[in-house]
Participant: 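Got a structure for you, written out below as structure tokens; questions coming shortly.
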Amino acid sequence: MKSLCGMDCCSRCSRQAECGGCQSVKGHPFGGNCIAAECMKQSGEEGFQRLKEKDALEFF
């Protein structure tokens with residue numbers, strides 16, 4: 001199952017059965033907000049890639 005951002009987080013999530021997956025909750029797992037899903041909705045793939053690059057640079 002692919003998540004909204006395409007990162008496939010749902011397949012690695014131990015609570016996926018409880019949640020139902022990113023697509024079924026429209027990026028709001030457990031009532032919260034998924035930053036990646038929100039970025040995809042607002043900025044599309046290009047904006048999401050910029051976010052990933054920015055976060056990777058800030059991580060180091």
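All values reported here derive from a predicted model rather than from experimental measurement.
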Participant: So does M40 get a backbone contact from the side chain of S43, meaning a donor-acceptor N/O pair under 3.5 Å?
Facilitator: no
Participant: Could you verify whether a donor N or O on one side chain and an acceptor N or O on the other, from Q49 and E45, lie under 3.5 Å apart?
Facilitator: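 Indeed, the side chains of Q49 and E45 share at least one donor-acceptor pair under 3.5 Å.
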Participant: How many angstroms lie between SG in C39 and CG in L4, if you round to the nearest 0.5 Å?
Facilitator: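 The SG atom of C39 sits 12.0 Å away from the CG atom of L4.
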Participant: Could you tell me the separation between the CG atom of L51 and the CD atom of Q42, rounded to the nearest 0.5 Å?
Facilitator: 10.5 Å
Participant: Of all residues at least two apart in sequence or in a different chain, which pass the side chain to side chain donor-acceptor pair (under 3.5 Å) check with E46?
Facilitator: R50
Participant: Identify the two heavy atoms, one from K26 and one from K41, that lie closest to each other, and give their separation to 0.1 Å.
Facilitator: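 For K26 versus K41, the nearest heavy atoms are O-NZ, 2.7 Å.
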Participant: Output the distance between atom CE (M7) and atom CZ (F48), rounded to the nearest 0.5 Å.
Facilitator: 5.0 Å
Participant: So, taking the atom named SG in C10 and the one named CD in Q23, what distance separates them when rounded to the nearest 0.5 Å?
Facilitator: 7.5 Å
Participant: Who are the side chain to side chain contact (heavy atoms under 4.5 Å, CB included) partners of C34, not counting sequence neighbours?
Facilitator: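 With neighbours one apart ignored, the set is P29, A36, A37.
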